[in-house]
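To start, the structure itself, in structure tokens.
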There are 2 protein chains.
Amino acid sequence: MVDIPGKVAYRYRQSIGMTATTTTLIGRRAGVSHATVCDVLNGRWQAKRISQATCARVRTIARKLNYRPNRVARSLLTGRTHTVALVIPSISRSFFPSIVLGVETEAKQHGYHVLLSHVIAGLEDEVPEIEALLERRVDGLIIVPRHGAHNRENYRQLLKEGFPLVFVNDWFEDVPVSAVVGDDFNGARQATEHLIALGHRRIAFLAGNPGPTVSQWRTDGYHRALKEHGLAAPKNYIQGFAYTVAHGYAGMQRLLKLSEPPTAVLGGNDAAALGGIKAALEAGLRVPEDIAFVGYGDDLEEVWFQKIPLTTMRLDATEMGRRAMALLVEEMGGPPACGRDAQAGADRRKKKTMEKLSAKLVVRESCGAKVTTQVHGSAVGKT
Amino acid sequence: MVDIPGKVAYRYRQSIGMTATTTTLIGRRAGVSHATVCDVLNGRWQAKRISQATCARVRTIARKLNYRPNRVARSLLTGRTHTVALVIPSISRSFFPSIVLGVETEAKQHGYHVLLSHVIAGLEDEVPEIEALLERRVDGLIIVPRHGAHNRENYRQLLKEGFPLVFVNDWFEDVPVSAVVGDDFNGARQATEHLIALGHRRIAFLAGNPGPTVSQWRTDGYHRALKEHGLAAPKNYIQGFAYTVAHGYAGMQRLLKLSEPPTAVLGGNDAAALGGIKAALEAGLRVPEDIAFVGYGDDLEEVWFQKIPLTTMRLDATEMGRRAMALLVEEMGGPPACGRDAQAGADRRKKKTMEKLSAKLVVRESCGAKVTTQVHGSAVGKT
DNA sequence: TTGAAAGCGCTACCAC
DNA sequence: GTGGTAGCGCTTTCAA
């Protein structure tokens, strides 16, 4: 009764004609088996020394039958979906589309597809979404990480299971993860030094949400530059709590009410800087003559056309995405997380990498430094 | 020999202990079967009248074992992946991210995930990419369609097979497909009429690539408006071959060299209009005093901060994406394209819908009409 | 060289 | 209420 049972089942199915998967069908028409078809179609005919004639026959029939291998079935068997998920907080801000572009470009190069998950901005808990992604058996995850204990615990858990996970655009010191981020400490420092070099002594900072580590880095870089040049950073010289035009605007209004308002302002990002400029202009100040501005990111389009072209630190978001995906591909190199040869991901505990991309100062007009019209002109070809 | 064969196989597997799928494992620990676990975990315990105690036991154990249902396996069985692919030509232009956002928001609402495929701009043939997506058994496809005979033939083939496909942002008259597009004929007409109402008689158009149907619609709308008001549209009043700043710039330069240059210009999109303004300014003209501009799309960020805030026709790309996904959900309503109860998609030949979203005139400064400062102020909250 | 057999993890159906 | 069984479409070993 326990005798060669699968065989029996197989024969049975055959007799009933119930083995009509497309490969079988092709095999039947070509007068070969199921498996041979598979070998031919997957380019293993050399290794398996399958005759040319057979190959040709199989291929012709496959084409005629409009055969499309079912990757779902393959995934079930191999435990790999060749899909990664990209979880980002927003896509409307121009910075993120660039990341998406980078990730997808790199992914395509490695035969991966990208499942995009834009976790709705207000919704702080991304755990259910990530869970859904895992149920789909994505091979890896690239996340713009979010704060909040719940999320953080979830990242840690994933990592402990050995699941391939890469952070992009932010990083937590206490989570052992690979990440690609901007070198925002040095970027902000350089930006601040640029303003100092232009003769400014009273330099304010329009900060973002204090949560993200990189956000903190920008603040630290700003502080460091001031300190190294013996300048003070009065506490109320740091204003704003989000990287938006509105917050930059409001923060600047507060700065202007101080008894000693700044003569120069570093924006935590470009939007904040623009909001600041708007407030300054409305207060009757001239930019950059009365007050200078430097932004961060260079992620706003058509910058050359702005009322006052913004001097800023350029951060290459596309490159950031690309590197993140490249890192993820490495992490996914081991055995699959599930499927036939799944095994404990324990031995996947590879060394984690943190890449820092440096930003580049792009001098335009808002800072008051001498501008070459090149910057202006060269932007035409950009769009 | 053909006697109850599956049963034998099953017993065999059982005896060998080879049925260690997670559901079986849970069942074993809970003292119930495989199938019961499945029923409990999928909320069918009411219908199957499974005892509360069993339910509780199963659920507890599942949680303890960190059970994550494998949707790949489920997909193989049901023939549905609950995944749709979104194929777009570009993501760096701000218009497309908005579409992505709309699609994804709507998709999430229906339990779908979005596989993003940004077909590289230069690569005109998207057939291989679509083929790859089909091998992954996506349930449906939303495409910003591309021209070229090969692509077009492919769309037609897909549609003939009854595969759920929706176009977004463009549409072909000769392809029987559901689509969501902008009402660009009336939009361009309205924009042109706005300029006519402001007293202009010599109105030029900075056109885009003549391929897309909507592009043609914009040109047609422009023509219609002129015609209805008895105005001429000299052939060389239409310039430009792509919706980019660079092309708008170059096109405008040509317009300015004419013996009778225009006094007003309609941009095929915002970027083209901006390029035009740039050329006009460089030629020493004042905008809008010497020459008026209207754009199309309102897809550039921080518009309020531009040197000359652009009057434009606002097109809601997010809404466009959302509607496209909603349409696709409908189309996917029938039997799955593959899997157990797949059947010829022939009866899926539902009525096709074409939705046109109308654009709204947003008056700012570039057209020379009276502007309320409201427009200016209200934009602060936008970012 | 080829083909038979087993099985990836799940769901659906029926029998008890 | 519950359990047994078949099978989704593919890959991969092993036997011939």
Side-chain angles (χ1 to χ4, degrees), chain A residues 4-14 16 18-27 30-42 44-55 58 67-80 135 137 336 338-342, chain B residues 4-14 16 18-27 30-42 44-55 58 67-80 135 137 336 338-342:
Chain A
I4 40 168
K7 186 174 204 157
V8 176
Y10 185 81
R11 285 265 168 70
Y12 176 68
R13 278 197 266 161
Q14 284 270 356
I16 294 289
M18 274 314 291
T19 19
T21 79
T22 317
T23 31
T24 311
L25 212 91
I26 294 172
V32 296
S33 91
H34 195 186
T36 307
V37 173
C38 178
D39 288 336
V40 171
L41 261 26
N42 288 15
R44 273 188 298 272
W45 59 275
Q46 289 226 1
K48 299 298 225 79
R49 275 179 269 178
I50 293 166
S51 70
Q52 295 278 8
T54 310
C55 284
V58 168
Y67 173 70
R68 268 197 283 263
N70 185 335
R71 302 213 173 263
V72 174
R74 180 182 304 194
S75 290
L76 181 57
L77 192 63
T78 61
R80 289 216 181 272
E135 289 186 3
R137 297 301 189 262
C338 68
R340 174 170 285 182
D341 29 40
Chain B
I4 41 168
K7 187 175 204 154
V8 176
Y10 185 81
R11 286 264 169 71
Y12 176 68
R13 278 196 266 162
Q14 284 271 356
I16 294 289
M18 274 314 291
T19 20
T21 78
T22 317
T23 33
T24 311
L25 210 91
I26 294 172
V32 297
S33 90
H34 192 186
T36 306
V37 173
C38 175
D39 288 335
V40 171
L41 261 25
N42 288 16
R44 274 189 296 272
W45 60 275
Q46 290 226 2
K48 299 298 225 78
R49 274 179 270 177
I50 292 166
S51 70
Q52 295 278 7
T54 309
C55 284
V58 167
Y67 173 70
R68 268 197 284 263
N70 185 334
R71 301 209 174 266
V72 174
R74 179 185 304 194
S75 290
L76 181 57
L77 191 64
T78 61
R80 289 214 181 274
E135 289 186 3
R137 297 302 189 261
C338 67
R340 172 169 286 180
D341 30 40

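Numbered from 1 within each chain, the chains take letters A, B, ... in sequence-line order.
Separating the CZ atom of B:Arg137 from the C1' atom of D:dG9 is a distance of 9 Å, rounded to the nearest angstrom. With rounding to whole Å, B:Glu135 atom CD is found 10 Å from D:dT11 atom P. In this structure, the CG atom of B:Leu25 is 16 Å from the C1' atom of C:dC8, given to the nearest Å. In this structure, the CG atom of A:Asp39 is 9 Å from the P atom of D:dT11, given to the nearest Å. Atom-to-atom, CD1 of B:Ile26 to P of D:dG3 comes out at 14 Å; the value is rounded to the nearest Å. We find that CZ of A:Arg71 is positioned 20 Å from P of D:dC8, with the value rounded to whole Å. Rounded to an integer number of Å, the gap from OH of B:Tyr67 to C1' of C:dT11 is 10 Å.
Residue B:Val32 is the one, among A:Pro69 and B:Val32, whose nearest nucleotide of DNA chain D lies closer to the 5' end (criterion: closest heavy atom).
Contact annotation: the side chain of B:Leu41 approaches that of B:Tyr67 to within less than 4.5 Å [non-hydrogen atoms, C-beta and beyond]. You'll find the side chain of A:Ser75 stays beyond 4.5 Å of the side chain of A:Arg137, heavy atoms only.
Closest non-hydrogen pair, B:Val58 versus B:Ala30, comes out as CG2-CB, 4.0 Å. The two atoms that bring A:Leu76 and B:Val72 nearest to each other are N-CG1, 3.7 Å, heavy atoms only.
Rounding to the nearest 0.5 Å gives a distance of 11.5 Å between CG of B:Asp39 and OG1 of B:Thr54.
Using a 4.0 Å heavy-atom distance criterion, B:Asn42 is classed as a sugar-phosphate-only contact.
Across C:dC10, D:dT11, C:dG9, the shortest atom-to-atom separation from the side chain of B:Leu76 is found for C:dG9. The side chain of B:Leu77 sits closest to D:dG7 out of D:dT2, D:dC10, D:dG7. Picking from C:dG9, C:dC8, D:dG4 the nucleotide with the shortest atom distance to the side chain of B:Ala35 gives D:dG4. Closest contact between the side chain of A:Ala73 and the listed nucleotides D:dC10, D:dT2, D:dT11 involves D:dC10.
For B:Thr78, no side-chain nitrogen or oxygen approaches OP1 or OP2 of C:dT11 to under 4.0 Å. At least one side-chain nitrogen or oxygen of A:Thr36 sits closer than 4.0 Å to the OP1 or OP2 atom of C:dG3. The shortest distance between the side-chain N/O atoms of B:Thr54 and the OP1/OP2 oxygens of D:dT2 is below 4.0 Å.
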